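Working notes, structure below.
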2 protein chains.
Amino acid sequence: MTRKPLTKPRKTASQERSRATVDALVEATARILVKEGFDKASTNHIAEVAGVSVGSLYQYFPTKEALVAAVVERHQQEITQTVRGELADVLAQPVEKAVRMLVEVAVRAHRVDPRLHRVVAEQLPRVGELEKLATFNRENFTLFRAYLENHRDELRVDDLELASFVCVTTIEALTHNAVLHHAKAMPDERMDKLIDEATRLVTRYLLG
Amino acid sequence: MTRKPLTKPRKTASQERSRATVDALVEATARILVKEGFDKASTNHIAEVAGVSVGSLYQYFPTKEALVAAVVERHQQEITQTVRGELADVLAQPVEKAVRMLVEVAVRAHRVDPRLHRVVAEQLPRVGELEKLATFNRENFTLFRAYLENHRDELRVDDLELASFVCVTTIEALTHNAVLHHAKAMPDERMDKLIDEATRLVTRYLLG
DNA sequence: CAAGAATATGAGCGATTATTCGCTTTCGGT
DNA sequence: ACCGAAAGCGAATAATCGCTCATATTCTTG
């Protein structure tokens, strides 16, 4: 006597088979986003590529938005795992070393899945469910600000709020552009040089 | 005996009346993009807001994309006019002054129509036709690179290609984020301070 | 193996979209 | 005043979209 229409809520997969279906859907969505772009990511097409029917899609994802959100979330978890722990060590380091570590971490984060990262940054409509990106960035900002406060006496800047904004924005933009827009002209050796330059840029700004 | 179907090519408006129609269409598109977002910018809706029929729209714009491209082009021309000439003076200035001028110009450019600029940057990348933005940015890059070559002996950087990338990316990201994402927390006084900081950041990087 | 629960199916609904075209209205030159 | 060209109109079309639901298949459990 399951009265309610089956497609309303998102079911949690309990059997092995359905877990595979969910995985196939998320994976297919990611593949389509990367290879064909957001516009081509229709629910029918996703289901087809996943080797699954549209009906099944709506058993586990109440809306297309939820499916896209799942892809973003999976990607962010992969980044978080890649970078796990490294940020905790930064607090204890002197300024130059800390900045260098942050730059390196940023590069690694952007390299987890550059093509997917690019789609997430450039193509996904800025709707509600992916505010986790903003939250993620705000955490970076807060963390860096805390670091600056801890090392306030070594610094040549007085407005720590503004300095945090400057540093975080700069590091993010440099790594983002380098990895996602200049990948061809950026072999590993050149990328190392960019890391040096970014480190020098931010360090000299902070220390004078 | 005008055989050709009227809607295929983009007609060039010759009478006063039709020029007004074209203007109304571009203006309505910009308004909708800013107030309702790209998703709500359907051709029917645009025509309605412009006080014009869909048919008329397709007399002057062969496709919806062309209409959006016209909006972007108009916006870029407004920026170019606002900033006209200022860039030419930069070449003769010493490094610190030159950097400061570039930062100030970047801020002014972003302030021409911040809300439209934000839509162009964040929502339109989903479509193709905005390669003019890339060209625009590449011109900035080339210009800055030329400046660095002219002042090579004053600089503490050896790889001018890389240094240009670092400086242009940094200035663009800082001004973009400040104007478009932190506008509320950025009164004019605070924006002046940001200009100071950005100038110091880039100048110290270049001069040591 | 029986039977209910879980999972899968896909044709099709309703809404929206970009674009078309036969037609009417207005303009400019004579 | 007249006529061809320019400009304007909007119902109609065909495609696509997100999503539903009645039905079929497969699993699990006793």
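Protein chains get the first letters and strands the later ones, always in sequence-line order, with residue 1 at the start of each. Everything numeric in this text was worked out from a predicted model, so none of it was measured.
Here B/Y58 does not reach the OP1 or OP2 of D/dC9: none of its side-chain N or O atoms lies under 4.0 Å away. Proximity of B/T63 to the phosphate of C/dT19: a side-chain N or O atom is located under 4.0 Å from OP1 or OP2. Neither OP1 nor OP2 of D/dG10 sits under 4.0 Å from any side-chain N or O of B/S53. Contact check, A/S18 against C/dA6: no side-chain N or O comes under 4.0 Å of OP1 or OP2.
With respect to the salt-bridge test (charged N to carboxylate O, under 4.0 angstrom), the residues A/R145 and A/E149 qualify. Taking the charged nitrogens against the carboxylate oxygens, B/E104 and B/R108 have no contact shorter than 4.0 Å, which rules out a salt bridge.
Counting non-hydrogen atoms under 4.0 angstrom, A/T43 reaches a base of the nucleic acid.
A heavy-atom distance below 4.0 Å to DNA chain D is reached by none of the residues of residues 26-40 of chain A.
Using a 4.5 Å heavy-atom threshold, the side chains of A/H117 and A/L180 count as touching. Contact annotation: the side chain of A/H181 approaches that of A/R118 to within less than 4.5 Å [non-hydrogen atoms, C-beta and beyond]. Within the 4.5 Å cutoff, side-chain heavy atoms of B/V179 are placed close to those of B/M191.
Comparing A/S56 and B/V54, the nucleotide of DNA chain D nearest to each residue sits closer to the 5' end for B/V54. With the nearest nucleotide of DNA chain C identified for both A/T21 and B/A41, A/T21 has the one nearer the 5' end.
Under the side-chain hydrogen bond (donor to acceptor under 3.5 Å, both in side chains) criterion, A/D159 pairs with B/R190, B/K193, not counting sequence neighbours. Every residue two or more places apart in sequence or in another chain that forms a salt bridge (charged side-chain N to carboxylate O under 4.0 Å, His left out) with A/E16 is listed here: A/R19. The side-chain contact (heavy atoms from CB on, under 4.5 Å) search around B/A50 returns B/A24, B/L25, B/A28, B/V52, not counting sequence neighbours.
At whole-Å resolution of the value, CD1 in B/I46 and P in C/dA18 are 8 Å apart. Between the P atom of D/dC17 and the CD atom of A/E65 lies a distance of 18 Å, rounded to the nearest Å. Atom C1' of nucleotide C/dT7 and atom CZ of A/R19 are separated by 13 Å, given to the nearest angstrom. Atom pair A/F61:CZ and C/dA8:P shows a separation of 12 Å (rounding to whole Å applied). Taking atom CG of A/L25 as the reference point, atom C1' of C/dT9 lies 13 Å away to the nearest angstrom. For A/N44 and D/dT16, the CG to C1' distance is 9 Å, given to the nearest whole Å. Between the CD atom of A/E48 and the P atom of C/dT9 there is a distance of 13 Å, rounded to whole Å.
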Open item on the list: What does the B/S/- profile of nucleotides 25-30 of chain D look like, 5' to 3', with a 4.0 Å heavy-atom cutoff to protein?
Closed with: -SSS--
Identify all side-chain donor-acceptor contacts of residues 164-172 of chain A below 3.5 Å with residues at least two apart in sequence or on another chain.
from: A/S164; atom 1: OG; to: A/L160; atom 2: O; distance (Å): 2.8
from: A/T169; atom 1: OG1; to: A/F165; atom 2: O; distance (Å): 2.7
from: A/T170; atom 1: OG1; to: A/V166; atom 2: O; distance (Å): 2.6
from: A/E172; atom 1: OE1; to: A/H110; atom 2: NE2; distance (Å): 3.3

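The side chain to side chain contact (heavy atoms under 4.5 Å, CB included) test with A/V26 is passed by exactly one of A/T21, A/I46, A/V71: A/V71.
A donor-acceptor contact under 3.5 Å is not formed by the side chain of B/Q59 with the base of D/dA6.
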